[in-house]
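Everything below concerns the one structure shown next.
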Protein chains: 4
Amino acid sequence: MLLQIQFESEIPIYQQIKNQIIRGIATGALQQGEDLPSVRQLASDIGINFHTVIKVYNQLKQEGWVIIHRKSGVMINPDLNLTKTPEYMELLDDLMKTTTAEAFMRGLTKEEFINIIEKNYDNYKTQGGK
Amino acid sequence: MLLQIQFESEIPIYQQIKNQIIRGIATGALQQGEDLPSVRQLASDIGINFHTVIKVYNQLKQEGWVIIHRKSGVMINPDLNLTKTPEYMELLDDLMKTTTAEAFMRGLTKEEFINIIEKNYDNYKTQGGK
Amino acid sequence: MLLQIQFESEIPIYQQIKNQIIRGIATGALQQGEDLPSVRQLASDIGINFHTVIKVYNQLKQEGWVIIHRKSGVMINPDLNLTKTPEYMELLDDLMKTTTAEAFMRGLTKEEFINIIEKNYDNYKTQGGK
Amino acid sequence: MLLQIQFESEIPIYQQIKNQIIRGIATGALQQGEDLPSVRQLASDIGINFHTVIKVYNQLKQEGWVIIHRKSGVMINPDLNLTKTPEYMELLDDLMKTTTAEAFMRGLTKEEFINIIEKNYDNYKTQGGK
DNA sequence: GTGGTCTAGACCACT
DNA sequence: GTGGTCTAGACCACG
């Protein structure tokens, strides 16, 4: 999977990488059990410092997305088993309150917004996310 | 409208205020043409630095949500007319890609996600967003 | 609270700091709601780099021990509410299997070992850990 | 005795092996004078590099747990005679300070903790640790 | 002044 | 070669 980083963005680089890896898992571009590049490899591919990649991998590990093998490096957790915890649902709810409010005020109809959701979900369903 | 700020949150205070004002406009809790509290008033109400409030109001003005009168203070723009610019749509698209990906992996079905959208939109429809 | 760091130890510095803060909370040397020194302050007190302290504070935050205020810095979580999760109990069990095995082979009797536990717990009970 | 290695664990593999051998000695699963598998045998059984096993055996030898015969391989020291040296006691004390502090804060009572100790020790007593 | 991000380079433990 | 630790310095966002 090729990562596209926007260096000018206000979103931190490590966050962009995290997002794209999670998207990759959802779409199936990254399969469970698949190896990720080594910290130094990925860093040099993207052209960033390897500490930034370490940070990404550590956060993904702590949230359960990946497993860090002492030897063989990092791989997508083969037993991926994330759940809709109350904390997550609260965050999501808050985010969607803010997001839909602005979308509504900018003239996006409910149908248009739902359409965006469906378009995204269709990328996942076909692949199967577990 | 009463603002609820979480000081421990990772979301910057100025962002929280902005979000809540926009939500307030969408739900109708804040009417177009309505006056907002003065910078110092709001700052002391919430218990924050008034520079933070200035920042919020300036950003809201720049994005077209409010109008700042030199004397009479800040009011919700009576001719609110925000549109779905290409830049906005791109940001929204990117955000929803990331958000739906994680939601999907955490087991939220498309229907559950759409349900969240509808619940929010129903709060807006009745008021009319102009 | 004064932190004692052993620079020659094989235990990473950030781990030593973490341990001592947690001990401090248990003994009451650090009260819930109490402010911790700023990252740069603590770093210069101990004579280490501030990035190391950031790492400590972030881990403590993620585990729920402290809260990081955007402005006022870091404080012991006033609503400290950690529980004996299954994951924790498994880790503890494994650790104690290893620890007691070696202790037993080195001639520590059950009573001596229990005595160590009691001595430590007595430092906590009197203070009350909430 | 069958060794169970967790490759995803944060605990180094060599440490896991060491721990399990020491536990085995304490429980009697490994008898004093008993032969341990050869370096290459154990390495291929577990599926790890044989250097890792060499490291384990060397450390165990240095600490007095095993004896390495040039030809006949490695065996549990028949005259096992480890003592509670001051250095060991200091390490143990420090470890238990940290461990009990977190356990206490997570709601484990003194009795629950002592119970864990007793359960473990009961596995040793019956066998006798010489 | 607070925490956080990114870069860069050295060194270490593990396999 | 793998991840991880520590140092050091620059810069940024926030309040």
Side-chain angles (χ1 to χ4, degrees), chain A residues 5 7 9-17 35-44 46-58 61 66-75, chain B residues 5 7-17 43 46-56 59, chain C residues 5 7 9-17 35-44 46-58 61 66-75, chain D residues 5 7-17 43 46-56 59:
Chain A
I5 304 301
F7 293 96
S9 166
E10 45 179 16
I11 303 170
I13 292 175
Y14 84 93
Q15 188 62 262
Q16 294 185 46
I17 301 176
D35 281 335
L36 290 176
S38 77
V39 279
R40 284 171 173 82
Q41 181 64 51
L42 183 52
S44 87
I46 305 180
I48 59 171
N49 192 283
F50 81 96
H51 290 107
T52 307
V53 181
I54 283 185
K55 184 170 186 173
V56 175
Y57 281 178
N58 270 325
K61 168 189 158 199
V66 304
I67 280 182
I68 301 184
H69 257 243
R70 297 200 73 80
K71 182 175 185 176
S72 52
V74 181
M75 73 156 116
Chain B
I5 304 299
F7 292 94
E8 346 74 53
S9 167
E10 310 193 312
I11 303 170
I13 292 173
Y14 87 95
Q15 188 64 260
Q16 294 185 45
I17 300 175
I46 307 180
I48 57 173
N49 193 299
F50 77 95
H51 290 109
T52 308
V53 180
I54 290 178
K55 183 172 183 174
V56 175
Q59 289 196 7
Chain C
I5 304 301
F7 293 96
S9 167
E10 45 178 18
I11 303 170
I13 291 174
Y14 84 93
Q15 188 63 260
Q16 294 186 45
I17 300 175
D35 282 335
L36 289 176
S38 77
V39 281
R40 284 172 173 82
Q41 181 64 51
L42 183 51
S44 88
I46 304 180
I48 59 172
N49 192 283
F50 82 96
H51 291 106
T52 307
V53 181
I54 284 185
K55 184 170 185 173
V56 174
Y57 281 179
N58 270 324
K61 169 189 156 197
V66 304
I67 281 182
I68 301 185
H69 256 243
R70 296 200 74 78
K71 181 175 187 176
S72 51
V74 180
M75 72 156 117
Chain D
I5 303 299
F7 291 95
E8 344 74 54
S9 167
E10 310 193 313
I11 303 170
I13 291 173
Y14 87 94
Q15 189 63 263
Q16 294 186 45
I17 300 175
I46 306 180
I48 58 172
N49 192 299
F50 78 96
H51 289 109
T52 308
V53 180
I54 289 178
K55 182 172 184 175
V56 175
Q59 289 197 7

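The sequence lines fix the lettering, A, B, ..., with proteins before strands; numbering per chain opens at 1.
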_Using a 4.0 Å heavy-atom cut-off, does F50(C) contact any base of the nucleic acid, only the sugar-phosphate backbone, or nothing at all?_
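Base: the residue F50(C), judged by heavy atoms under 4.0 Å, touches a nucleobase.
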*What does I54(C) touch in the nucleic acid at a heavy-atom separation under 4.0 angstrom: a base, only the sugar-phosphate, or nothing?*
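Since a base atom lies under 4.0 Å of I54(C), the category is base.
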Please enumerate all residues that pass side-chain contact (heavy atoms from CB on, under 4.5 Å) together with [X], with sequence neighbours excluded.
| X | value |
| --- | --- |
| T52(D) | I13(D), Y14(D), I48(D), N49(D) |
| I54(B) | V39(B), F50(B), N58(B) |
| S9(A) | Q6(A), I11(A), Q16(A) |

*Tell me which of V74(A) and F7(C) sits closer to the 5' end of DNA chain F, going by the nucleotide each one is nearest to.*
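Whichever sits nearer the 5' end wins; that is V74(A).
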*With nearest nucleotides of DNA chain F determined for Y57(A) and I13(C) from heavy-atom distances, which residue corresponds to the more 5′ nucleotide?*
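The residue whose closest nucleotide sits nearer the 5' end is Y57(A).
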*Identify the 5'-most and 3'-most nucleotides of DNA chain F with at least one atom closer than 4.0 Å to a non-hydrogen atom of chain B.*
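From 5' to 3', the first and last contacting nucleotides are dC14(F) to dG15(F).
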*Counting Watson-Crick and G-U wobble pairs whose two distances are both under 3.5 Å, find the runs of 3 or more in a row that involve DNA chain E.*
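As far as DNA chain E goes, consecutive pairing (with distances under 3.5 Å) yields the stems E:1-14 with F:1-14.
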*Residue pair E10(D) / K61(A), side-chain heavy-atom distance below 4.5 Å*: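 They are in side-chain contact.
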*Can you name the residues that form a side-chain hydrogen bond (donor to acceptor under 3.5 Å, both in side chains) with E8(B), not counting sequence neighbours?*
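Applying side-chain hydrogen bond (donor to acceptor under 3.5 Å, both in side chains) to E8(B) gives none.
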*When the nearest nucleotide of DNA chain E is assigned to H51(D) and to P37(C) on a heavy-atom basis, which residue is associated with the more 5' position?*
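Per heavy-atom nearest nucleotide, the more 5' residue is P37(C).
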*Residue met sooner reading DNA chain E from 5', once N58(C) and K55(D) are mapped to nucleotides*: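 Whichever sits nearer the 5' end wins; that is N58(C).
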*Check against side chain to side chain contact (heavy atoms under 4.5 Å, CB included), I17(D) and I46(D)*: CA-CA 10 Å; I17(D) 300 175; I46(D) 306 180; 3.9 Å; yes
*Non-hydrogen atoms of I68(C) and Y57(C) that approach each other most closely*: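 Shortest heavy-atom contact: CD1-O, 4.1 Å.
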*Tell me: CZ of R40(A) to C1' of dC12(E), nearest whole Å?*
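It is 11 Å, rounded to the nearest whole Å.
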